[in-house]
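Okay, structure first, notes after.
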2 protein chains.
Amino acid sequence: MTRLLVVEDDQALRRALAITLRARHYEVDTVGDGAAALRAAAATAYDLVVMDLGLPDLDGVEVIQGIRGWSAVPVIVLSAREAQWQKVDALDAGADDYVTKPFGMDELLARVRAALRRAEPAEGNSAPIVETPAFVIDLAAKRAHKDGREVRLTPTEWHLVEALVRRPGVLVPSTQLLAEVWGPHYERETNYLRVFFAQIRRKLEPDPGRPRYFITEPGLGYRFEP
Amino acid sequence: MTRLLVVEDDQALRRALAITLRARHYEVDTVGDGAAALRAAAATAYDLVVMDLGLPDLDGVEVIQGIRGWSAVPVIVLSAREAQWQKVDALDAGADDYVTKPFGMDELLARVRAALRRAEPAEGNSAPIVETPAFVIDLAAKRAHKDGREVRLTPTEWHLVEALVRRPGVLVPSTQLLAEVWGPHYERETNYLRVFFAQIRRKLEPDPGRPRYFITEPGLGYRFEP
DNA sequence: TCCGAGCGTCAAGGACGCGTCAAGAACGGC
DNA sequence: GCCGTTCTTGACGCGTCCTTGACGCTCGGA
């Protein structure tokens, strides 16, 4: 399911957007101000953010920059502001697209599709099935098998496994893993990583005491070794 | 150098676009019709295409579909057509963005930057791999190999190696290395450098006693000789 | 020839990060 | 409201990495 976050202070428009998008089978959360937007984006891994630039608390550009600090999620900006420099500012802050109110719903939907289409290959181009002599991971189906037996992973364990397995052989810094799985405020909680990797190794590694696939690089981060 | 293809039948606008984009240090090719656009896109690996929808020979949507048949290059569509369904068609055909004429040049440039920024990580712009006859260093994956064997570097060793290898051949003053790796208060602790470079040479140099790649310039600093 | 500054080497200590375990808190399903 | 799962939090032992000091070497100048 594709998850969208709608950030819009005008209640009527917020409802209209949510209804229209849900009718297209997107899963939609809505918030009404910038602080809530940042909290929501930190708590949940959305596939796309639709955001009004005129928010009551924060400037839209600040919200974009806040999100861009740790996430590459596509952001489509809605705005009644016509001035060029505002579009330029928003786009340079990290927005992916800028739609001027009043806008046609069909156009917005097309831009949502375009943004999602672009983001797709970046995330899922490498095979959604990862296979090693010890275990098989199907990222699309969210299933893992070890020695033919199905292994159950909790949501957080999946999130971690995915973050590593998506870039085989590459070292992923602890801070990046924490930001990606728990959110930007958890970058110091390295003990989470220790606890969860212990669990993941117990479930997937042939010899959990001596990891072969989920490798710790002391002081740096973790690495998935295919 | 970033390479752009401009597809526009109006000669005046084509020239204006080319001049503006070149002033921003993009490398720009221009063509005047759809057939030439397809030929050019096939012949050269452009980083982005800016395309007018109203072309004399082919419909712009067909050109987009033609390009999308084999390339994922970002496409920004320009058009005087206001109707929503035309935007929807172009976006669904694979366009990344749709700008309605008349448009502001600053806005177009911002959208160009946004599109290029998105495409960047997928292509892997700068080569983070440093190769010498004796060893290979992959800065992105944080891996080092010597004679085919993997060599493990500690966090501080990585930091130092990176600081030097990023600027091949140039002499980096000791104070700068110390400030960059340990912080500004450590600029006098040159013994740190001696200890760690001894370690790094032991791990990477063919003959650690007589360094060939990590060179000391007495009294000045250190240099990486590729 | 002697001397000193700067560099390379080595080894010991202490600090830090990691793996492990377990218990309490939050969450969701019934 | 209860129960099982999942997440959070704390404590402890251990290994690795960083820091620090001592010593020998080379090279240039007195």
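Lettering of chains follows the sequences in order, A, B, ..., and the numbering in each one begins at 1.
- Contact annotation: B:Trp182 side-chain N/O to D:dC18 OP1/OP2 distance is not under 4.0 Å.
- Between the P atom of D:dG21 and the CD atom of B:Glu189 lies a distance of 9 Å, rounded to the nearest Å.
- In this structure, OG1 in B:Thr156 is found 11.0 Å from CD in B:Gln199, a value given to the nearest 0.5 Å.
- Taking atom CD1 of residue B:Ile215 and atom C1' of nucleotide C:dG8, one finds them 15 Å apart after rounding to whole Å.
- At least one side-chain nitrogen or oxygen of B:Thr154 sits closer than 4.0 Å to the OP1 or OP2 atom of D:dC18.
- Other residues, nucleotides and ligands place more than 12 heavy atoms under 6.0 Å from the CZ atom of B:Arg113.
- Rounded to whole Å, atom P of D:dC17 lies 13 Å from atom CD1 of B:Ile200.
- The CD-P distance, from B:Gln199 to C:dA11, rounds to 12 Å in whole Å.
- Residues B:Val130 and B:Phe224 have side chains in contact (heavy-atom distance under 4.5 Å, counting atoms from C-beta outward).
- Inspection of the A:Asp47 and A:Tyr26 side chains reveals no N or O donor paired with an N or O acceptor under 3.5 Å.
- Spacing between atom CG of B:Leu160 and atom P of D:dT19 amounts to 11 Å, rounded to whole angstrom units.
- Closest approach to the B:Tyr192 side chain among D:dC17, D:dT20, D:dC18 is made by D:dT20 (side chain taken as heavy atoms from C-beta onward).
- Between the OG atom of B:Ser174 and the CD atom of B:Glu189 there is a distance of 12.5 Å, given to the nearest 0.5 Å.
- Proximity of A:Leu91 to A:Asp89: side-chain heavy atoms (C-beta onward) are nowhere separated by under 4.5 Å.
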Listing time: all N or O pairs from protein to nucleotides 17-23 of chain C that are below 3.5 Å?
| from | atom 1 | to | atom 2 | distance (Å) |
| --- | --- | --- | --- | --- |
| C:dC18 | OP1 | A:Gly219 | N | 3.4 |
| C:dG19 | OP1 | A:Arg201 | NH1 | 3.0 |
| C:dG19 | OP1 | A:Thr216 | OG1 | 2.5 |
| C:dG19 | OP2 | A:Tyr222 | OH | 3.1 |
| C:dG19 | N7 | A:Arg194 | NE | 3.0 |

